[in-house]
> 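My questions will all concern the structure given below.
So that the names make sense, note that chain A is the first sequence line, chain B the second, and so on, each numbered from 1.
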Amino acid sequence: MLPRPPSFWPSRGPDGAAMPTEEELFAQRLAKREELARAGNPYPAVTARTHTASEAVAAFEAAEGSGQGAPVVTVAGRITALRRMGKTAFLDVRDGSGRVQVQGRADVLGEAFELLSLLDLGDFLEARGELFRTRTGEVTVSASEWRVLTKALRPLPEKWHGITDTEVRYRQRYLDLIANERSREIARIRADVVASIRRFFYERGFMEVDTPVLQEHAGGAAARPFVTHHNALDRDLFLRISLELHLKRLLIGGFDRVFELGRVFRNEGIDRRHNPEFTLLESYEAYADYLDVANMVEALLRRVAGEVGGSLQVQFGEHTVDLAAPFRRTTYRELLRDETGLDYVEYPDVASLRAAAAARGVRVEESASWGKVLDEVMSTLVEPKLIQPTFVFDYPAEFSPLAKRKADDPSIAERFELFAIGYELANAYSEQNDPVEQRERMREQASKQAGGDDEAEVADEDFLLALEYGMPPAGGLGIGVERLVMLMTGEASIREVILFPAMRERAGRDTGDDEAGDDEASDGGA
RNA sequence: GGGCCCGUAGCUCAGCGGUAGAGCAGUGGACUUUUAAUCCAUCGGUCCAGGGUUCGAAUCCCUGCGGGCCUACCA
């Protein structure tokens with residue numbers, strides 16, 4: 001359960017009525033805050049820190065090694081443990097670099113020692129003093145002076161079980177980060193993955209760009225968009241579902257290598273693998289085709305894994321994913337035939353294909369198109385088996401409207417998807433740059449949409465106009481960053497790799513209390 | 001959307017038809033080298049919400065809210 005908002009801030013007064021525990025804890029800390037304020041500002045703007053926690057420890061060890069005197073340091077951080085024992089106290093102080101112990105002694109601190117009783121776990125503290133090593137060997141700051149940098153008003157999660165309630169972990173991620181080392185580690189790995197991706201593309205001469213999130217048409221993928229409204233223009237706009245069509249406009253504009261790491265939004269369900277907003281990496285390279293892109297993706301994954309985890313053998317559950325060996329390469333038709341015995345060229349119409357799918361236990365909606373049925377067979381029967389990185393080349397052109405057809409077989413698109421640990425990691429094409437063909441394909445999709453398929457591509461006339469000016473042949477790539485991070489961390493849920501995953505709206509707060517709180521607030525001046 | 005599981009103190013959990021519990025945190029006390037400090041004492045509950053069954057409900061039933069997993073949907 002979540003803490004309630006401090007609607008009780010206007011204290012209910014010392015009427016002796018039993019206060020709820022949480023409120024009582026809050027009130028105690030508020031009182032300590034007041035008392036600290038009498039001795040100085042409990043929220044000063046500047047600190048006099050000279051060393052991070054880990055720097056302080058290192059400085060002492062260096063001095064020790066060279067026989068110099070013990071350094072005097074000022075450290076600052078959050079109090080994560082507090083051991084008071086009569087006339088001595090030990091505090092664990094944690095900052096972004098790590099932890100350092102601070103000792104306070106009555107004979108050194110005098111009156112300031114008594115004020116230590118106003119400290120709680122969670123407060124931020126600054127302490128200055130000489131470093132020494134305790135009897136148990138720990139490098140410690142012997143405080144000659146200290147002050148509070150931030151008084152915390154709510155208690156931190158319990159010190160060794162931490163916080164496990166998944167809901168609280170997601171809704172109050174800061175508590176999760178305080179309590180759970182693993183959550184901090186995942187966040188860092190994600191940051192490292194993104195940084196590594198950027199370095200990779202920079203080194204290859206790609207330019208990073210930003211394209212609009214609010215769009216007239218949400219194109220470039222098949223997904224339901226979010227709709228919003230622009231008041232001044234009095235017009236509905238869509239949140240983008242991909243980056244594709246704007247990046248291609250940049251190829252037309254003359255930038256040969258562009259990429260974007262951008263948030264996209266898809267109005268779909270939420271589950272272990274899907275979050276309504278997620279980060280997409282897309283890159284476009286002129287004068288390259290999808291085979292060039294495949295080679296690049298392989299290099300990219302190795303690079304990221306090497307930089308992030310140091311190993312090209314990535315553990316995922318019971319599986320070890322090997323990124324070092326050349327990735328398996330197969331084709332859509334061959335893979336499907338090998339895994340299910342279904343050769344789709346033998347089923348050119350929906351009815352027969354549907355029957356073949358049903359014979360293999362795959363059932364689809366009545367309205368499903370030929371491509372949809374095929375995709376369903378693939379994703380339920382084949383994709384989950386693709387644990388090791390596997391390139392699947394040459395998708396049916398039917399459901400690849402933005403890809404170029406193969407020169408020797410127009411029923412096939414120059415497209416590949418890369419799979420690992422059972423799901424799609426990357427999707428790439430030799431990009432369709434024939435404006436006539438592209439217009440036909442988009443119109444086809446648009447009629448599907450008119451026919452009730454609200455996830456079909458929309459015809460983006462502005463994009464088609466751009467295409468008519470000529471786009472160089474190019475290889476394009478899309479990678480779901482969260483899925484890549486899941487692979488790199490071994491996490492099975494996308495919510496673990498998104499700091500603030502989408503959650504339902506919180507339940508209405510306890511009846512009556514909010515109104516009462518508001519009344520008190522509005523009556524506050526009376 | 002469907003199925004299963006969960007919701008008890010600030011945190012982690014026990015209790016599962018008969019007076020609401022433990023550890024940690026808090027408060028008071030002892031303690032000048034602790035580090036899950038220790039020891040003594042103590043405060044703390046809308047048992048998610050609403051309805052029902054029952055002499056009696058945290059416990060059983062129904063509904064709702066929130067969460068998790070599975071499934072469906074999902075380029």
> Looking at B:C31, which nucleotide sits across from it as a Watson-Crick or G-U wobble partner, both distances under 3.5 angstrom, or is there none?
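The base-pairing partner of B:C31, which may sit in any strand shown, does not exist here.
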
> Using the side-chain heavy atoms of A:Glu167, tell me which of these nucleotides is nearest: B:G67, B:U32, B:A75.
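For the A:Glu167 side chain, the nearest candidate turns out to be B:G67.
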
> Classify the nucleic acid contact of A:Phe399 as base, sugar-phosphate or nothing, counting any heavy atom under 4.0 Å across all strands shown.
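Base, at least one base heavy atom under 4.0 Å.
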
> Could you check how far OH of A:Tyr395 sits from C1' of B:A75, rounded to whole Å?
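The answer, rounded to whole Å, is 9 Å.
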
> Please give the nucleotide sitting opposite B:C4 as a Watson-Crick or G-U wobble pair, both distances under 3.5 Å, or none.
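When the pairing criteria are applied, B:G68 turns out to be the nucleotide that pairs with B:C4.
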
> For B:A22 and B:U71, measure between their C1' atoms and round to the nearest Å.
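Here B:A22 and B:U71 have their C1' atoms 39 Å from each other.
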
> Should the side chain of A:Thr88 and the base of B:U33 be counted as holding a donor-acceptor pair, with the cut-off at 3.5 Å?
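Flag unset: no donor-acceptor pair detected.
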
> Taking atom C1' of B:A25 as reference, at what distance in whole Å does atom CD1 of A:Ile79 sit?
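Between C1' of B:A25 and CD1 of A:Ile79: 14 Å.
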
> Between the protein and nucleotides 26-28 of chain B, which nitrogen or oxygen pairs come in under 3.5 angstrom?
unit_1, atom_1, unit_2, atom_2, d
B:G26, O2', A:Gln28, OE1, 2.3
B:G26, O2', A:Gln28, NE2, 3.2
B:U27, OP1, A:Lys32, NZ, 2.5

> May I ask you to verify whether the side chain of A:Asp165 and the base of B:C11 hold a donor-acceptor pair under 3.5 Å?
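There is none.
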
> Are the ring centres of A:Phe399 and A:Trp370 closer than 6.0 Å?
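No, the ring of A:Phe399 stays outside the 6.0 Å limit from the ring of A:Trp370, centre to centre.
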
> Counting only Watson-Crick pairs (N1-N3 plus N6-O4 or O6-N4) and G-U wobbles (N1-O2, O6-N3), all under 3.5 Å, who is the partner of B:G45?
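When the pairing criteria are applied, nothing turns out to pair with B:G45, so the answer is none.
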
> Let's test your reading of the model: under 3.5 Å, does the base of B:U34 pair with the side chain of A:Gln103 as donor and acceptor?
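There is none.
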
> Starting the side chain at C-beta, find the nucleotide from B:C73, B:U32, B:C74 nearest to A:Lys87.
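Nucleotide nearest to A:Lys87's side chain: B:U32.
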
> Kindly point out which of B:G23, B:U34, B:G67 is positioned nearest to the side chain of A:Arg171?
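Nucleotide nearest to A:Arg171's side chain: B:G67.
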
> How would you label the contact of A:Gly478 with the nucleic acid (heavy atoms, under 4.0 Å): base, sugar-phosphate, or nothing?
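Nothing: the residue A:Gly478, judged by heavy atoms under 4.0 Å, touches no strand.
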
> On RNA chain B, check which nucleotide each of A:Asn427 and A:Arg135 is closest to and give me the residue with the more 5' one.
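It is A:Arg135 whose nearest nucleotide is closer to the 5' end.
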
> With rounding to whole Å, what would you report as the distance between B:G56 and B:U19 at their P atoms?
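One P to the other, the span is 15 Å.
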
> Taking N and O atoms by type only, does the side chain of A:Asp375 place a donor or acceptor under 3.5 Å from a partner on the base of B:A75?
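Check fails, no donor-acceptor contact within cut-off.
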
> Check the side chains of A:Gln28 and A:Arg33 for a donor-acceptor pair under 3.5 angstrom, ignoring hydrogens and angles.
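Note: A:Arg33 and A:Gln28 side chains miss the donor-acceptor criterion.
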
> Both distances under 3.5 Å, Watson-Crick or G-U wobble: report the partner of B:G56, or none.
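WC or wobble partner does not exist here.
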
> Between the side chains of A:Glu414 and A:Lys404, is the shortest nitrogen-to-carboxylate-oxygen separation below 4.0 Å, so that they form an ion pair?
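No, A:Lys404 and A:Glu414 are not salt-bridged.
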
> Does B:U12 have its OP1 or OP2 closer than 4.0 Å to a side-chain nitrogen or oxygen of A:Thr164?
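For A:Thr164, the contact criterion (side-chain N or O under 4.0 Å from OP1 or OP2 of B:U12) is met.
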
> Using the side-chain heavy atoms of A:Phe132, tell me which of these nucleotides is nearest: B:A75, B:U33, B:U34.
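Nearest to the side-chain atoms of A:Phe132, counting from C-beta on, is B:U33.
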
> State which of B:U32, B:A75, B:U12 makes the closest approach to the side chain of A:His161.
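So the side chain of A:His161 is nearest to B:U12.
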
> Search all heavy atoms of A:Gln215 against all heavy atoms of A:Gly219 and return the closest pair with its distance.
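So the minimum-distance heavy-atom pair works out to OE1-N, 4.3 Å.
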
> Given B:U32, B:U12, B:A75, identify the nucleotide with an atom nearest to the side chain of A:Tyr429.
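Nearest to the side chain of A:Tyr429 among the choices is B:A75.
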
> Which atom pair, heavy atoms only, marks the closest approach of A:Glu61 to A:Val139?
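What the structure gives for the nearest pair is OE2-CG2, 4.4 Å.
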
> Nearest whole angstrom, please: distance from the P of B:A72 to the NZ of A:Lys372.
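Rounded to the whole Å, the gap is 13 Å.
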
> Between A:Phe391 and A:Phe327, is the ring centre distance below 6.0 Å?
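That pair passes the under 6.0 Å test.
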
> A:Gln172 CD to B:G66 P: how many Å, rounded?
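After rounding, the reported distance stands at 17 Å.
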
> Can A:Glu34 and A:Arg29 be counted as an ion pair, charged N to O under 4.0 angstrom?
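No, this pair does not count.
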
> When you measure from the side chain of A:Glu376, which nucleotide among B:U34, B:C73, B:C24 comes out closest?
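Selected nucleotide (nearest to the side chain): B:C73.
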
> Which of the following nucleotides, B:U33, B:C74, B:C69, is nearest to the side chain of A:Met85?
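For the A:Met85 side chain, the nearest candidate turns out to be B:U33.
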
> Name the closest nucleotide to the A:Glu158 side chain, picking from B:A75, B:G23, B:C70.
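Nearest listed nucleotide: B:G23.
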
> What integer number of Å spans the P atoms of B:A75 and B:U12?
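Rounded to whole Å, the distance is 37 Å.
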
> Assert yes or no for the condition that the ring centre distance of A:Phe238 to A:Phe265 is strictly below 6.0 Å.
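No: the rings miss the under 6.0 Å criterion.
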
> Taking atom C1' in both B:A30 and B:A20, what distance in whole Å separates the two?
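The answer is 32 Å between these two C1' atoms.
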
> If pairing requires Watson-Crick or G-U wobble contacts with both distances under 3.5 Å, which nucleotide is the partner of B:C24?
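In the structure as shown, B:C24 has B:G10 as its Watson-Crick or wobble partner.
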
> The side chain of A:Arg105 is closest to which nucleotide in this list: B:A37, B:U32, B:C11?
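Shortest atom-to-atom distance from the side chain points to B:U32.
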
> Please indicate whether A:Glu111 has more than 12 foreign heavy atoms, meaning atoms of other residues, nucleotides or ligands, lying under 6.0 Å from its CD.
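Not more than 12 within 6.0 Å, no.
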
> Side-chain N or O of A:Arg272 less than 4.0 angstrom from OP1 or OP2 on B:C69?
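For B:C69, OP1/OP2 do not have a side-chain N/O of A:Arg272 under 4.0 Å.
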
> Do A:Arg83 and B:U34 share a donor-acceptor pair, side chain to base, under 3.5 Å?
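When only heavy-atom distances are counted, A:Arg83 does reach the base of B:U34 through a donor-acceptor pair under 3.5 Å.
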
> For the residue pair A:Asp176 / A:Ser183, report whether a side-chain donor-acceptor contact shorter than 3.5 Å exists.
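A pair is found: one side chain offers a donor N or O, the other an acceptor, under 3.5 Å apart.
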
> Taking A:Thr88 for its side chain and A:Arg84 for its backbone only, find out whether a donor-acceptor pair lies under 3.5 Å.
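Between the backbone of A:Arg84 and the side chain of A:Thr88 there is no qualifying donor-acceptor contact (under 3.5 Å).
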
> Under 6.0 Å from the ring centre and within 45 degrees of the ring axis: does the NZ or CZ of A:Arg415 meet both conditions for the six-membered ring of A:Tyr395?
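Yes - A:Arg415 lies over the ring of A:Tyr395, closer than 6.0 Å to its centre and within 45° of its axis.
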
> If I pick the C1' atom on B:G67 and the same atom on B:G29, what distance separates them, to the nearest angstrom?
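Each nucleotide's C1' atom is 42 Å from the other's.
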
> Is A:Arg266 positioned over the aromatic face of A:Phe278, cation under 6.0 angstrom from the ring centre and no more than 45 degrees off axis?
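Not satisfied by the 6.0 Å and 45° rule.
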
> Going by distance alone, is a donor N or O of one side chain under 3.5 Å from an acceptor N or O of the other, for A:Tyr332 and A:Glu334?
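No.
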
> Applying a 4.0 Å non-hydrogen cut-off, can you work out what A:Glu424 is touching in the nucleic acid: base, sugar-phosphate, or nothing?
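The answer is sugar-phosphate, as A:Glu424 gets under 4.0 Å only of primed atoms, P, OP1 or OP2.
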
> Using atom P of each nucleotide, how far apart are B:C74 and B:C5 to the nearest Å?
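Straight-line distance between the two P atoms is 28 Å.
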
> When you measure only distances, ignoring hydrogens and angles, does the side chain of A:Arg415 come within 3.5 Å of the base of B:A75 through a donor and an acceptor?
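Check passes, donor-acceptor contact within cut-off.
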
> When the P atoms of B:C48 and B:G7 are considered, how many whole Å apart are they?
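To the nearest whole Å, 8 Å.
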
> Under a 4.0 Å heavy-atom cut-off, which of residues 377-386 of chain A touch RNA chain B?
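RNA chain B contact set from residues 377-386 of chain A: none.
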
> To the nearest angstrom, how far is A:Ile270 atom CD1 from B:G66 atom P?
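Distance check: A:Ile270 CD1 to B:G66 P gives 12 Å.
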
> Would you kindly give the CG-to-P distance between A:Asn180 and B:C11, to the nearest whole Å?
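Going from CG in A:Asn180 over to P in B:C11 covers 14 Å.
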
> What is the separation between atom CZ on A:Arg169 and atom P on B:C69, rounded to the nearest whole Å?
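Between P of B:C69 and CZ of A:Arg169: 10 Å.
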
> Between atom CZ in A:Arg273 and atom C1' in B:C74, what is the gap in whole Å?
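From A:Arg273 CZ to B:C74 C1': 11 Å.
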
> What integer number of Å spans the P atoms of B:G45 and B:G64?
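Per the computed distance, 31 Å lies between those P atoms.
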
